[in-house]
There are 2 protein chains.
Amino acid sequence: MSTPERLIDSTRELLWERGYVGTSPKAILERAGAGQGSMYHHFKGKPDLALAAIRRTAEEMRATAEAVLDGPGTPYERIEAYLLRERDVLRGCPIGRLTMDPEVVASSELRAPVDQTLDWLRERLARIVEEGREQGQFAASLDGEEIAAAVLATVQGGYVLARASGSPAAFDTAVRGLLSLLAPHENHDRPA
Amino acid sequence: MSTPERLIDSTRELLWERGYVGTSPKAILERAGAGQGSMYHHFKGKPDLALAAIRRTAEEMRATAEAVLDGPGTPYERIEAYLLRERDVLRGCPIGRLTMDPEVVASSELRAPVDQTLDWLRERLARIVEEGREQGQFAASLDGEEIAAAVLATVQGGYVLARASGSPAAFDTAVRGLLSLLAPHENHDRPA
DNA sequence: GTCTATAGACGGATAGAC
DNA sequence: GTCTATCCGTCTATAGAC
């Protein structure tokens, strides 16, 4: 792998583990096995390298999610598959965790890929919910955007609960709770 | 206010804004208007001061939540009140954000108050859900612990979505979505 | 109790040799 | 392209005067 690639990879790992403020160029270089000169030759500095790393992570996450969301099954089943897909729960979300970083949030450049990724996910989920609503799988009273946001929030918040307790169990519990609320019943379209 | 109190307050603010790794003793001292000597006289060091600050924040959050959760209303209304209570959404959760901090998670001492606070909230919410289930306000098929975790996760994840987009709207959307799923219908106890 | 002085390591970046 | 040397400021903590 080329040196710039190794630098981006090391940065991605460290951003995931320690966030932007917690990651130093020195740590990146050590992990990548490169010297200072290499980094400043290929990148303008820490923010520039972080931007490349965040964009890469965002692309990858989007591709992973797309594979599940475009998969087979009813709308409910696809949302279920998204929620139950294997995750390294205790590591948290490599994109979501960046929203807790003051310097990422303060920089519109660094925040943009984070925002776009979560926004894309929300729209994608919202369309699936609408689809399920048209098919009568979900209650007509539900709103696609709202359910999509709740699904995404449950995932992001599930990571918080899991990391607080030091166990992935809390994530799974929250997801099961949401799924039990979302589960299709026989007569959603019954008149109130 | 005494010097130790001012130090704790400054630390609480900075932990909320920048997290543990992003907060330096120097910044704390500047905000508190104190010198190095004061801080190391009253506290053993940065971890010790942070622990005092986190404990204080945890206590306060618990008291705030308790006021809403022990308030009047049906179980659904109390959960609704908790979800809709006024929040400084873009600042995030002063307790939840600490779970994204590598040094907080790595220290069982610093993590303990975070874990305990979220755990307490979950149990408190779970009991309210169970209560609503017994009263027939919630479907018998729902699990108190699971719904409680989903409620908490929606809040924590709502902060993530809001901070990503730079607007509190996403938080509100997620909360509305969850409430629409949780809203009492007329016939939950109807046989499937 | 609070202050200043000092310490050694690290943060982020530049310069210039090879 | 990559390396080492160097820079100035900050990080966390200790020492010791007042």
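Letters go in sequence order (proteins before strands), and every chain restarts at 1.
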Open item on the list: Just to be sure I understand the rule, does Gly37(A) reach a base, reach only the sugar-phosphate, or reach nothing, if contact means heavy atoms closer than 4.0 Å?
Closed with: base
DNA chain D: first to last nucleotide in contact with chain A (atom under 4.0 angstrom from a heavy atom), 5' to 3', is dG1(D) to dT4(D)
| request: Evaluate whether atom CD of Gln135(B) has more than 12 neighbouring non-hydrogen atoms of other residues, nucleotides or ligands under 6.0 angstrom away. | output: yes
Lys46(A) NZ to dG12(C) P, in whole Å, measures 4 Å
Under 3.5 Å: donor-acceptor pair, side chain of Glu17(A), backbone of Leu14(A) | no
Per-pair distances, 0.1 Å, donor-acceptor, side chain in residues 93-101 of chain B, under 3.5 Å, sequence neighbours excluded:
unit_1: Arg97(B); atom_1: NE; unit_2: Trp16(B); atom_2: O; d: 3.1
unit_1: Arg97(B); atom_1: NH1; unit_2: Met100(A); atom_2: O; d: 3.4
unit_1: Arg97(B); atom_1: NH2; unit_2: Met100(A); atom_2: O; d: 2.3
unit_1: Thr99(B); atom_1: OG1; unit_2: Gly96(B); atom_2: O; d: 2.7
unit_1: Asp101(B); atom_1: OD1; unit_2: Glu103(B); atom_2: N; d: 3.3
unit_1: Asp101(B); atom_1: OD2; unit_2: Tyr20(B); atom_2: N; d: 2.6
unit_1: Asp101(B); atom_1: OD2; unit_2: Val21(B); atom_2: N; d: 3.1

Whether Tyr76(A) and Phe138(A) hold their rings parallel, tilted or perpendicular, with breakpoints at 30° and 60°:
perpendicular
Apart from Met1(A) itself, members of its ILVMFWY cluster (side-chain separation under 4.5 Å) are none
* With a 4.5 Å limit on heavy-atom distance, are the side chains of Val68(A) and Arg78(A) in contact? -> no
Do NZ/NE/NH1/NH2 and the carboxylate oxygens of Arg31(B) and Glu13(B) come within less than 4.0 Å? yes
What residues 3-26 of chain A contributes to the DNA chain D interface at heavy-atom separation below 4.0 Å is Thr3(A)
In whole angstroms, the gap separating P of dC10(C) from CD1 of Ile28(A) amounts to 16 Å
Does any donor atom in the side chain of Arg6(A) or Thr3(A) lie under 3.5 Å from an acceptor atom in the other side chain? yes
The complete set of side chain to side chain donor-acceptor pair (under 3.5 Å) pairs with one or both residues in residues 49-59 of chain A, sequence neighbours excluded, reads Glu5(A)-Arg56(A), Arg12(A)-Thr57(A)
Without swapping roles, check the side chain of Ser38(A) against the backbone of Ala34(A) for a donor-acceptor pair under 3.5 Å. no
Sorted by number, residues from residues 38-45 of chain A placing a heavy atom under 4.0 Å from DNA chain D are Ser38(A), His41(A), His42(A)
